[in-house]
Participant: 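So that we are looking at the same thing, I have put the structure below in structure tokens.
Remember, predicted model here, so these are calculated numbers, not experimental data.
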Amino acid sequence: MNRLAQETSPYLLQHADNPVDWYPWGDEALERAKAEDRPILLSVGYAACHWCHVMEHESFEDPETAALMNERFVCVKVDREERPDVDGLYMEAVVTMTGQGGWPMTVFLTPDGRPFYGGTYFPPEPRYNIPSFPQILLAVSEAYRERRAELERQADALVGAIRQASAAQPSNDPLTTELLSGAVSALAAQFDPAYGGFGRAPKFPPASNLEFLLRTGREDALELVRKTLDEMAAGGMYDLVGGGFHRYSVDARWLVPHFEKMLYDNALLASAYLHAWVVAGEERYRRVVEETLDYMVRELRLPEGGFASAQDADTAGVEGLTYTWTPEEIEDESLLQPFEEGRFILRGELSNNLRERLLATRSAREQPLRDDKVVTAWNGLALAAFAEASWRLDRPDYLDVAVDLARFLREEMTGDHGVLYRTYRDGEAKIPGYLEDYADVANGLVELHWATGDLRWLEEARLAAAGADRFWDEERGGYFVDDHGLVARRKEFDDHPTPSGNSMIAFVLLRLARIYGDDELEKRAVSVFRLARPLVERAPTAFGHLLCALDLHFSRPREVAVVGDFEELRRVALDGFQPNTVFAFTHEPTDDVALLAGKGFLDGKPAAYVCERFACQAPVTSAAELRAALEGPGTPKAQ
């Protein structure tokens with residue numbers, strides 16, 4: 001057993017029996033590297049990663065390779081889900097050096113943590129014009145001894161480039177709606193008319209871009225969304241038997257997936273299909289939402305109330321073994337699409353009886369590993385999905401899940417002074433949270449307030465958003481990923497595969513600014529847009545959630561307040577697709593929230609107020625009156 005045996009991450013624990021003398025990321029490894037003047041071999045992956053398992057079996061479990069690693073390097077293993085700061089910093093370095101990235105990631109560092117060489121998967125012997133891992137180890141260690149000055153210069157250049165990228169000045173060019181229309185055009189140009197989605201294989205689920213297209217209200221944009229959602233849900237990447245989505249498809253048809261299932265994909269896609277159901281009225285989208293959320297409850301929910309991170313791609317060392325079928329198991333051969341090793345993927349329409357029978361059969365098989373580590377940010381995404389789905393679909397069981405999850409985040413993932421922790425497992429919360437943790441939780445809590453009408457969740461959302469202040473860049477605006485003191489602090493804006501911390505915090509701050517009447521919150525959101533503007537103009541398809549936030553920024557403000565215990569008023573207020581309207585609800589009159597201040601009952605009855613920039617129409621007390629006020633000429637239409 002090596003030092004990883006003391007960790008809580010399932011990914012790190014998978015490597016605890018390796019003959020490699022692994023360290024977790026931290027001062028102990030860095031101090032040893034400095035004391036012995038050895039380079040650091042940093043290996044980054046995650047528990048559900050198929051090729052991470054392959055490299056472990058081929059190299060890290062091999063005694064000769066491990067001996068070479070131990071002799072020449074200080075070896076550090078990192079779970080990318082625990083430490084997105086470490087992963088993001090060194091992934092940027094690897095992409096700069098090689099033009100591509102991925103996991104497993106292997107990076108060689110100076111003793112003080114500066115990267116000078118790296119790559120992704122390295123095989124045990126040379127193949128496909130890729131040198132073997134032992135060859136890489138020997139070449140790097142010899143270069144470190146014989147060409148140290150050259151490597152130091154390369155390391156300085158890489159770190160300098162990364163620092164410079166996050167020191168960019170905000171754009172002085174105006175923020176205009178042309179950014180949004182340009183993004184729609186860019187997405188249309190990259191759209192695959194045959195199978196939906198954007199670009200070529202491999203295809204990743206574009207949840208944030210679909211959300212942006214739905215917000216536009218354009219019929220041509222809606223057609224891109226419908227085609228993509230229909231093709232993704234046809235089977236393959238979507239699990240027809242158990243519900244939920246696999247990570248991505250290796251082909252253009254969304255057919256052959258990498259079989260890991262991630263919490264964040266399923267939370268984001270459940271929300272995207274939910275909104276498409278509201279806009280398009282297609283019942284098949286509602287079915288996908290419920291099957292996906294039901295899968296999350298069945299397979300990923302933990303007894304404490306949080307959600308596990310992922311399920312593995314492999315079962316018993318074979319990719320997709322649990323999820324694929326043989327012709328003997330499926331009577332209707334039209335449902336079978338070839339995979340490998342005589343096994344098949346399901347695609348097509350399943351009857352409810354067949355689905356139930358196949359799920360029972362599959363549940364009796366050996367199951368893939370579940371990474372039962374809770375990641376706070378991803379649980380924030382799940383909170384938003386369950387909270388909104390609970391009232392839209394009239395599923396009180398989903399609301400129970402959401403409230404229990406919020407309680408878990410408040411009681412188990414929150415420390416003194418409102419500090420969020422990044423991960424939780426086996427009763428231990430650890431690692432101070434990152435920007436995305438605060439932003440995603442704040443957004444989920446806003447949605448929970450709207451779902452419950454309970455004002456405490458809105459206050460918790462405001463506090464979570466304020467917790468992100470520790471990442472604020474007072475000089476240039478925007479937010480850093482972390483405050484953990486690596487060789488470079490970075491800002492991230494890219495919304496793949498999840499909304500970046502900057503995109504989500506800008507979105508949340510705008511919502512809260514319109515509820516609390518706080519101009520400073522809006523200014524901070526705008527600072528994010530000014531930093532990201534040149535990036536969005538060059539490659540808008542990479543910034544789907546930021547585009548959603550920009551759409552909110554450009555929209556005419558509309559606020560709806562409801563005072564009193566009249567459930568029908570609250571439901572009418574929320575009804576339909578109003579992505580740029582904000583809401584505040586209270587059981588009793590209060591001045592603690594600006595949107596609710598000065599608003600009370602009308603003739604002793606619960607009352608609703610429809611406002612624009614806090615200028616409100618006359619209050620109403622009936623559902624019919626509220627519906628008319630929301631649709632009337634004095635208020636903006638849903639954008």
Participant: Does Glu178 have more than 12 heavy atoms from other residues, nucleotides or ligands lying within 6.0 Å of its CD?
Facilitator: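 No, because the 6.0 Å sphere around CD of Glu178 holds 12 heavy atoms or fewer from other groups.
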Participant: Check the pair Tyr121 / Glu58 against side-chain hydrogen bond (donor to acceptor under 3.5 Å, both in side chains), numbers first and verdict last.
Facilitator: CA-CA 11 Å; Tyr121 165 78; Glu58 292 176 342; 2.6 Å; yes
Participant: Quick one: do Arg148 and Asp37 make a salt bridge, cutoff under 4.0 Å?
Facilitator: yes
Participant: Donor-acceptor pair, Thr414 side chain versus Val419 backbone, under 3.5 Å?
Facilitator: no
Participant: Measure from the side-chain N and O atoms of Ser527 to the backbone N and O of Gly477, and report whether any donor-acceptor pair falls under 3.5 Å.
Facilitator: no
Participant: Do His53 and Glu319 pass the side-chain hydrogen bond (donor to acceptor under 3.5 Å, both in side chains) test, and can you show the C-alpha distance, the side-chain angles, and the key distance before you say yes or no?
Facilitator: CA-CA 10 Å; His53 300 323; Glu319 186 175 15; over 6 Å; no
Participant: Regarding Arg32 and Glu28, does a basic nitrogen lie under 4.0 Å from an acidic carboxylate oxygen?
Facilitator: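 Judged by the 4.0 Å cut-off on N to carboxylate O distance, Arg32 and Glu28 do not form a salt bridge.
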Participant: Which atom pair, heavy atoms only, marks the closest approach of Arg533 to Ser171?
Facilitator: CD-OG, 3.6 Å
Participant: Nearest heavy-atom pair of Thr376 and Asp437: which atoms, and what distance?
Facilitator: CB-OD1, 3.5 Å
Participant: State whether the side chain of Ser43 and the backbone N or O of Lys77 hold a donor-acceptor pair below 3.5 Å, judged by distance alone.
Facilitator: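 Checking the backbone N and O of Lys77 against the side chain of Ser43, no donor-acceptor pair under 3.5 Å is found.
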Participant: What is the distance from atom CG of Asn379 to atom CG of Leu383, rounded to the nearest 0.5 Å?
Facilitator: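 Nearest 0.5 Å value for the CG-CG distance: 8.5 Å.
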Participant: Report the residue from Val86, Thr106, Val74, Asp87 that forms a side-chain contact (heavy atoms from CB on, under 4.5 Å) with Leu42.
Facilitator: Val86
Participant: Please give me the minimum heavy-atom distance between Pro123 and Pro131, naming the atom from each residue.
Facilitator: CD-O, 3.6 Å
Participant: Which of these, Phe471, Phe493, Tyr434, Trp472, sits in a ring-ring contact (aromatic ring centres under 6.0 Å, His included) with Tyr479?
Facilitator: Trp472
Participant: Taking all heavy atoms of Phe529 and all of Leu550, pick out the closest pair and write down the distance.
Facilitator: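 The answer is CG-CD2, 3.7 Å.
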Participant: May I have the step-by-step check of side-chain contact (heavy atoms from CB on, under 4.5 Å) for Arg511 and Asn443, ending in yes or no?
Facilitator: CA-CA 9 Å; Arg511 282 179 152 185; Asn443 185 63; 3.1 Å; yes
Participant: Rounded to the nearest 0.5 Å, what separates atom NZ in Lys34 from atom OG1 in Thr110?
Facilitator: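 The OG1 atom of Thr110 is 9.0 Å from NZ of Lys34, to the nearest 0.5 Å.
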Participant: Using a 6.0 Å cut-off, check whether atom CD of Glu520 has over 12 heavy atoms from anything other than its own residue.
Facilitator: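 Result for CD/Glu520: enclosed.
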Participant: Should Arg200 and Asp192 count as an ion pair when the cut-off is N to O under 4.0 Å?
Facilitator: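 Looking at Asp192 together with Arg200, the answer is no, because their closest N to O distance does not fall below 4.0 Å.
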Participant: Between Phe133 and Phe122, what is the ring plane arrangement, given parallel below 30°, perpendicular above 60°, and tilted in between?
Facilitator: parallel
Participant: When you measure from the side chain of His545 to the backbone of Pro499, do you find a donor-acceptor pair of N or O atoms at a distance under 3.5 Å?
Facilitator: no
Participant: More than 12 heavy atoms of other residues, nucleotides or ligands under 6.0 Å from CD of Gln6: is that the case?
Facilitator: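 12 or below, so no.
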Participant: To the nearest 0.5 Å, what is the distance between CG (Leu268) and CZ (Phe245)?
Facilitator: 11.5 Å
Participant: Do the charged groups of Asp79 and Lys373 touch, with an N to O distance under 4.0 Å?
Facilitator: yes
Participant: Start with the C-alpha distance between Glu152 and Arg114, add both sets of side-chain angles, then the distance that settles side-chain contact (heavy atoms from CB on, under 4.5 Å), and finish with yes or no.
Facilitator: CA-CA 8 Å; Glu152 292 274 1; Arg114 289 170 295 144; 2.5 Å; yes
Participant: Determine whether Asp251 and Arg253 satisfy the following criterion, salt bridge (Lys or Arg N to Asp or Glu O under 4.0 Å), listing intermediate values before the conclusion.
Facilitator: CA-CA 6 Å; Asp251 54 41; Arg253 300 172 55 200; 5.9 Å; no
Participant: How are the rings of His15 and Trp22 set to each other: parallel, tilted or perpendicular (split at 30° and 60°)?
Facilitator: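 Because their plane-to-plane angle is over 60°, the rings of His15 and Trp22 count as perpendicular.
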Participant: Taking 4.0 angstrom as the limit, do Lys261 and Asp312 come out as a salt bridge?
Facilitator: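 So Lys261 does not pair with Asp312 through a salt bridge.
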Participant: Tell me if a side-chain donor or acceptor on Asn2 pairs with a main-chain N or O of Val20 at a distance below 3.5 Å.
Facilitator: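 Yes; judged by distance alone, with no hydrogens or angles, the pair exists.
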Participant: For a quick check under 3.5 Å, do Arg530 and Asn172 share a side-chain donor-acceptor pair by atom type?
Facilitator: no
Participant: If you measure from the Lys or Arg side-chain nitrogens to the Asp or Glu carboxylate oxygens, is any gap between Asp372 and Arg425 under 4.0 Å?
Facilitator: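 Yes, this pair counts.
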Participant: Is it true that atom CD of Glu125 has more than 12 heavy atoms of other residues, nucleotides or ligands lying nearer than 6.0 Å?
Facilitator: yes
Participant: Ignoring hydrogens and angles, state whether a donor on the side chain of Tyr46 or Arg80 is under 3.5 Å from an acceptor on the partner side chain.
Facilitator: no
Participant: With side-chain hydrogen bond (donor to acceptor under 3.5 Å, both in side chains) as the test, would you mind laying out the steps for Asn502 and Glu492 before giving the verdict?
Facilitator: CA-CA 7 Å; Asn502 270 291; Glu492 289 184 349; over 6 Å; no
Participant: What is the minimum heavy-atom distance between Arg490 and Leu89, and which atoms define it?
Facilitator: CD-CA, 3.5 Å
Participant: Of all heavy-atom pairs between Ser249 and Leu255, which one has the smallest distance, and what is that distance?
Facilitator: CB-N, 4.0 Å
Participant: Just by distance, do the side chain of Trp254 and the backbone of Tyr195 share a donor-acceptor pair under 3.5 Å?
Facilitator: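 Flag set: sc Trp254 to bb Tyr195 pair under 3.5 Å.
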Participant: For the rings on Phe204 and His496, is their centre-to-centre separation under 6.0 Å?
Facilitator: no
Participant: Might you work through the side-chain contact (heavy atoms from CB on, under 4.5 Å) test for Asp494 and Ser500, ending with a clear yes or no?
Facilitator: CA-CA 6 Å; Asp494 188 292; Ser500 72; 5.8 Å; no
Participant: Nearest 0.5 Å please: distance from the CG atom of Asp482 over to the CZ atom of Arg470.
Facilitator: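 Asp482 CG to Arg470 CZ: 12.0 Å, rounded to 0.5 Å.
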Participant: With distance as the sole test, does Ser59 use its side chain to make a donor-acceptor pair with the main-chain N or O of Glu56 at under 3.5 Å?
Facilitator: no
Participant: Measure the spacing between CZ of Phe116 and CZ of Arg147 and express it to the nearest 0.5 Å.
Facilitator: 10.0 Å
Participant: Tell me whether Glu81 is salt-bridged to Arg422, with the criterion being a basic N under 4.0 Å from an acidic carboxylate O.
Facilitator: no
Participant: Go through the side-chain N and O atoms of Asp314 and His50 and say whether any donor and acceptor fall under 3.5 Å apart.
Facilitator: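 A donor-acceptor contact under 3.5 Å links the two side chains.
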Participant: Check whether any side-chain heavy atom of Met237 sits under 4.5 Å from a side-chain heavy atom of His258, and report yes or no.
Facilitator: no
Participant: Is the closest side-chain donor-acceptor distance between Ser208 and Asp495 under 3.5 Å?
Facilitator: no
Participant: Is any side-chain heavy atom of Phe507 less than 4.5 Å from a side-chain heavy atom of Leu509?
Facilitator: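 No, too far: nothing below the 4.5 Å cut-off.
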Participant: Run the numbers on Lys430 and Glu82 for side-chain contact (heavy atoms from CB on, under 4.5 Å), then give the verdict.
Facilitator: CA-CA 9 Å; Lys430 59 186 292 189; Glu82 273 194 335; 4.1 Å; yes
Participant: Would Arg38 and Phe73 count as a cation-pi pair here, with the cationic atom under 6.0 angstrom from the ring centre and within 45° of the axis?
Facilitator: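 No cation-pi geometry.
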Participant: Find the distance between CZ (Phe108) and OH (Tyr90) and round it off to the nearest 0.5 Å.
Facilitator: 13.5 Å
